[in-house]
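The structure under discussion appears below in the form of structure tokens.
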Amino acid sequence: MAAHSAVLSASKIMNPFWVGRLGNTAKPPPAKYGGRHTVTLIPGDGIGPELLNHVREVFRFACVPVDFEMVNVNSALETDDDMNNAITAIRRNGVALKGNIETKHTLPASVKSRNNVLRTSLDLYANVMHCQSLPGVQTRHKNIDIMIIRENTEGEYSSLEHESVSGVVESLKIITRNNSIRIADYAFKLARERGRRRVTAVHKANIMKLADGLFLQCCREVASGYPDITFDSMIVDNTTMQLVSKPQQFDVMVMPNLYGNVVSNVCAGLVGGPGLVPGANYGRDYAVFETATRNTGKSIAEKNIANPTAMLLASCLMLDHLNLNDYASLIRNAVLTTMNETRVTQLCAEQCCCEVARGNLCCNLTRIHISFPAKLGNEMRVHTIHF
Amino acid sequence: MTTRSMRALSGTLKPLFSPRSPQRYVVAACHQTHKSTYTTIAPPARYGGRHTVTLIPGDGIGPELAKHVCELFRFCCVPVDFEVVNVDSTKTSEDDINNAIMAIRRNGVALKGNIETNHNLPPSYKSRNSLLRTTLDLYASVMHTQSLPGVRTHHRNIDIITIRENTEGEYSSLEHENVPGVVECLKIITRTKSLRIADYAFRTAREKGRRRVTAIHKANIMKLGDGLFLECCKEVASGYPEITFDSMIIDNTTMQLVSKPQQFDVMVMPNLYGNVVSNVCAGLVGGPGLVPGANYGENYAVFETGTRNTGKSIANRNTANPTAMLLASCLLLDHLKLHGYASMIRKAILSTITDSQLHTADLGGKGSTSEMVQSIMNAIQSSGPRTQRH
């Protein structure tokens with residue numbers, strides 16, 4: 001224990017930019033009196049509100065000791081007040097679950113994407129997406145198991161654009177040494193923790209020699225400190241081509257922001273669509289959970305046909321982060337069982353929206369009978385589980 | 001009107017295309033008559049009806065595939081002479097590539113393999129391929145991805161034309177490091193070039209009888225840059241009422257491409273997204289060995305494989321798939337208006353592809369390059385007399 005803290009303090013001296021915490025980096029906030037956690041809930045737009053309602057229902061049903069503090073963000077307003085409230089709430093609680101906030105194209109260009117503002121203000125530098133082929137979902141490719149770690153705060157999403165000459169727009173893509181080393185370190189640490197053998201850096205350094213060249217160099221530097229993990233690199237166009245022909249070759253992938261966006265969406269498409277994969281954004285002090293592909297789903301909003309799997313699995317990730325692992329695995333098993341048995345899995349592979357009626361899912365969950373002893377803090381004993 | 005006088009006419013129209021007067025662009029376009037199908041006017045044949053085409057072998061599998069193209073052309077008695085220009089990618093001086101560019105300016109048309117960009121050279125050394133495209137202003141990269149019969153893939157019935165802006169965007173090679181450890185990379189989007197590529201896309205869609213053009217962008221994040229691109233596409237779309245225009249964000253596009261690629265028809269996009277999307281499409285129809293690509297400019301056209309791979313790891317092993325390069329040479333023949341030869345070779349290639357015994361390693365078979373080319377030649381021989389009237 002003493003040695004462990006000595007190592008930590010040593011790493012603090014050597015690496016002033018980030019503390020050498022393992023894995024999810026952010027330390028979960030401690031539970032309040034009574035063992036209950038408070039989590040910020042940002043419904044967002046489109047299918048966000050309805051899915052988060054379902055999450056709350058499921059949590060209440062499973063007696064998860066989490067209280068939600070809901071903060072609404074109105075995407076139609078031009079002021080930043082809503083967003084600032086949300087950010088303050090997350091700073092207070094340390095953890096959040098959010099739906100995607102729409103970026104309206106009709107507002108002037110000075111109104112930045114709200115989701116982006118949230119990520120950069122809270123310095124949620126790592127976006128982690130774990131793409132796995134789900135057993136009940138029919139897809140063209142099988143046995144996919146890829147972890148995608150995407151730099152979340154800089155790169156092409158710096159929102160720095162200007163039009164010096166009319167008709168000519170310059171958009172800046174920023175790559176910094178510190179952030180690149182930070183994300184590479186996160187990727188390798190995560191790979192080591194999860195027992196992964198290989199990390200692939202995705203880049204376009206043959207064209208963007210300085211920018212992606214710097215990113216690649218940082219990855220190589222960090223890789224030299226992890227001799228047990230194989231490191232290689234691949235250009236983004238070749239990567240996407242390999243992903244659609246042979247996705248099983250990839251293990252862990254680390255990349256800058258835009259390539260991460262594209263690659264994570266390709267992987268989500270390969271395992272069955274945007275309704276199935278959860279995503280997590282980790283920073284040093286905060287963690288925000290959402291669906292991996294960050295879709296608003298405006299066209300299917302309030303029609304009761306959205307797939308709740310991604311949001312429910314994201315809430316399981318949140319529970320894991322809060323160290324409520326029992327509840328997390330309980331809900332996760334229920335979700336995966338539902339995916340297996342109902343015919344909804346057929347539709348998942350073909351379309352991006354599934355016909356999972358809310359009643360359908362909840363009915364399947366009600367078949368899990370949970371008995372409780374007298375309430376004793378966090379303890380929960382499961383007596384019978386019917387599938 | 002002879003080709004020469006047409007060239008002179010387009011020369012006088014050039015001042016109207018200056019960036020200061022973008023309004024006049026649309027008006028001037030009406031005055032341009034007799035434009036050939038792909039914007040460029042094919043250079044006229046020399047005395048005897050033979051064309052001269054610049055051939056740049058490149059690196060990796062380029063030289064061997066270029067050799068097969070020469071063999072095939074000689075076998076079919078195609079009236080094309082190749083002027084070979086070698087570009088050495090290990091040298092830092094730009095003389096080689098300048099020679100190549102001069103040769104292409106002289107001949108008007110080229111067939112090239114990919115020239116490797118060596119990572120060990122300093123960043124001031126620009127990508128040779130990029131240099132060639134920007135100097136010759138080959139603004140449109142067109143890749144027609146089609147599911148080929150005989151190649152087994154996860155998806156069927158794919159028929160997508162991707163039109164990618166080829167000269168600006170993220171590939172402007174403008175980067176600097178003002179503060180050590182912080183690199184700024186500029187992505188340039190201009191109004192004139194966006195209008196030009198959008199116009200090209202819609203014209204191509206109209207000529208080929210396509211019903212829908214989709215613009216790919218990331219305007220929710222890059223509001224000014226991709227916003228300008230999208231705006232230009234919308235403006236041009238208003239002039240083509242019979243063609244449906246819609247737009248899609250790049251991440252959603254890639255996701256839709258891997259789940260339901262049949263929904264896409266023609267796609268137009270800036271440089272980097274075009275790179276990614278064309279590679280995804282190539283992967284969907286069977287890999288980099290199957291799809292040809294073409295780069296068109298106002299005065300020049302350069303043909304190559306669609307995904308621009310060097311193929312260093314399979315070089316000189318006789319295992320590369322020659323289909324992409326051979327289909328690119330068919331596109332070249334179409335451009336030179338030698339349609340008879342083009343369709344003859346294309347038919348032979350497609351009949352060879354259906355025979356899975358001849359599939360090369362990238363398609364999961366054990367065939368070799370030379371066997372495939374031989375089989376194509378046999379197919380041509382059996383289809384009748386080789387000299388065609390065109």
Side-chain angles (χ1 to χ4, degrees), chain A residues 103 105 109 112-113 116 140-141 156-157 159 161-163 165-178 204-214 236-245 258-259 261-266 268-270 272-274 293-295 349-352, chain B residues 19 22 117 119 123 125 127 130 153-155 170-171 173-177 180-192 218-228 250-260 272-273 275-280 282-284 286-288 307-309:
Chain A
T103 309
H105 292 270
K112 296 201 193 336
S113 156
N116 206 14
R140 292 187 172 86
H141 299 269
E156 296 83 350
Y157 286 43
S159 301
E161 301 178 289
H162 53 261
E163 195 169 351
V165 175
S166 103
V168 177
V169 174
E170 288 182 352
S171 180
L172 274 83
K173 160 178 168 164
I174 314 282
I175 300 276
T176 55
R177 194 174 168 70
N178 291 341
K204 188 84 188 162
N206 51 342
I207 301 288
M208 286 177 259
K209 293 164 185 279
L210 284 187
D212 285 351
L214 176 61
V236 62
D237 50 14
N238 192 20
T239 308
T240 44
M241 190 154 59
Q242 299 286 334
L243 272 172
V244 297
S245 37
L258 183 67
Y259 311 145
N261 187 11
V262 170
V263 168
S264 54
N265 275 267
V266 173
L270 292 173
T293 47
R294 303 172 179 166
N295 294 100
E350 305 306 319
Q351 309 160 51
C352 284
Chain B
T117 309
H119 290 268
Y125 173 92
S127 155
S130 196
T153 50
H154 293 288
H155 300 269
E170 296 84 350
Y171 287 45
S173 300
L174 292 167
E175 304 177 285
H176 52 260
E177 195 169 349
V182 177
V183 175
E184 287 182 353
C185 180
L186 276 83
K187 162 180 167 165
I188 315 283
I189 302 274
T190 54
R191 191 173 171 71
T192 26
K218 188 83 188 161
N220 51 343
I221 300 289
M222 286 177 260
K223 293 165 186 276
L224 284 187
D226 286 350
L228 176 61
I250 173 74
D251 49 17
N252 192 19
T253 307
T254 43
M255 190 154 57
Q256 299 285 335
L257 270 171
V258 297
S259 37
K260 222 171 32 131
L272 184 68
Y273 310 147
N275 188 12
V276 171
V277 166
S278 52
N279 274 268
V280 173
L284 291 173
T307 47
R308 302 173 179 166
N309 293 99

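Values below: every heavy atom of this structure, side chains too, minus hydrogens, waters and symmetry copies. By convention in this document, chain letters (A, B, ...) are assigned in the order of the sequence lines, proteins followed by strands, and residues within each chain are numbered from 1.
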Grab the two heavy atoms, one from E175(B) and one from A211(A), that are nearest each other, plus how far apart they are. OE2-N, 2.8 Å
So which heavy atom on V258(B) is nearest to which on V266(A), and how close? CG2-O, 3.7 Å
Counting only non-hydrogen atoms closer than 4.5 Å, does [X] touch chain A with its backbone (N, CA, C, O), its side chain (CB onward), both, or neither?
| X | value |
| --- | --- |
| L174(B) | neither |
| I250(B) | side chain |
| L228(B) | side chain |
| P180(B) | neither |

Do S127(B) and I207(A) make a side-chain contact, defined as non-hydrogen atoms from C-beta onward lying under 4.5 Å apart? yes
pair I188(B)-V168(A): side-chain heavy atoms closer than 4.5 Å: yes
Under a 4.5 Å cutoff for heavy-atom pairs, which residue among [options] has the most contacts with chain B?
| options | result |
| --- | --- |
| Q242(A), H162(A), M208(A) | M208(A) |
| V236(A), V169(A), D212(A) | V169(A) |
| D237(A), N238(A), T176(A) | D237(A) |
| L172(A), N116(A), I175(A), L258(A) | I175(A) |

At a heavy-atom separation under 4.5 Å, does K204(A) approach chain B through its side chain, its backbone, both, or neither? side chain
Residue part contacting chain B, namely of L214(A), when any heavy atom lies under 4.5 Å: side chain
side-chain contact (heavy atoms from CB on, under 4.5 Å) assessment of D251(B) paired with R294(A): CA-CA 10 Å; D251(B) 49 17; R294(A) 303 172 179 166; over 6 Å; no
Which of the residues L224(B), V182(B), T117(B) is involved in the greatest number of heavy-atom pairs with chain A at under 4.5 angstrom? L224(B)
For the side chain of E161(A) and the backbone of K223(B), is there at least one donor-acceptor N/O pair under 3.5 Å apart? yes
List in chain and number order the residues that pass ring-ring contact (aromatic ring centres under 6.0 Å, His included) with H154(B), two or more places apart in sequence or in another chain; answer none if no residue qualifies. H141(A)
The reported gap from CE in M255(B) to OG in S264(A) (rounded to nearest 0.5 angstrom) is 9.0 Å
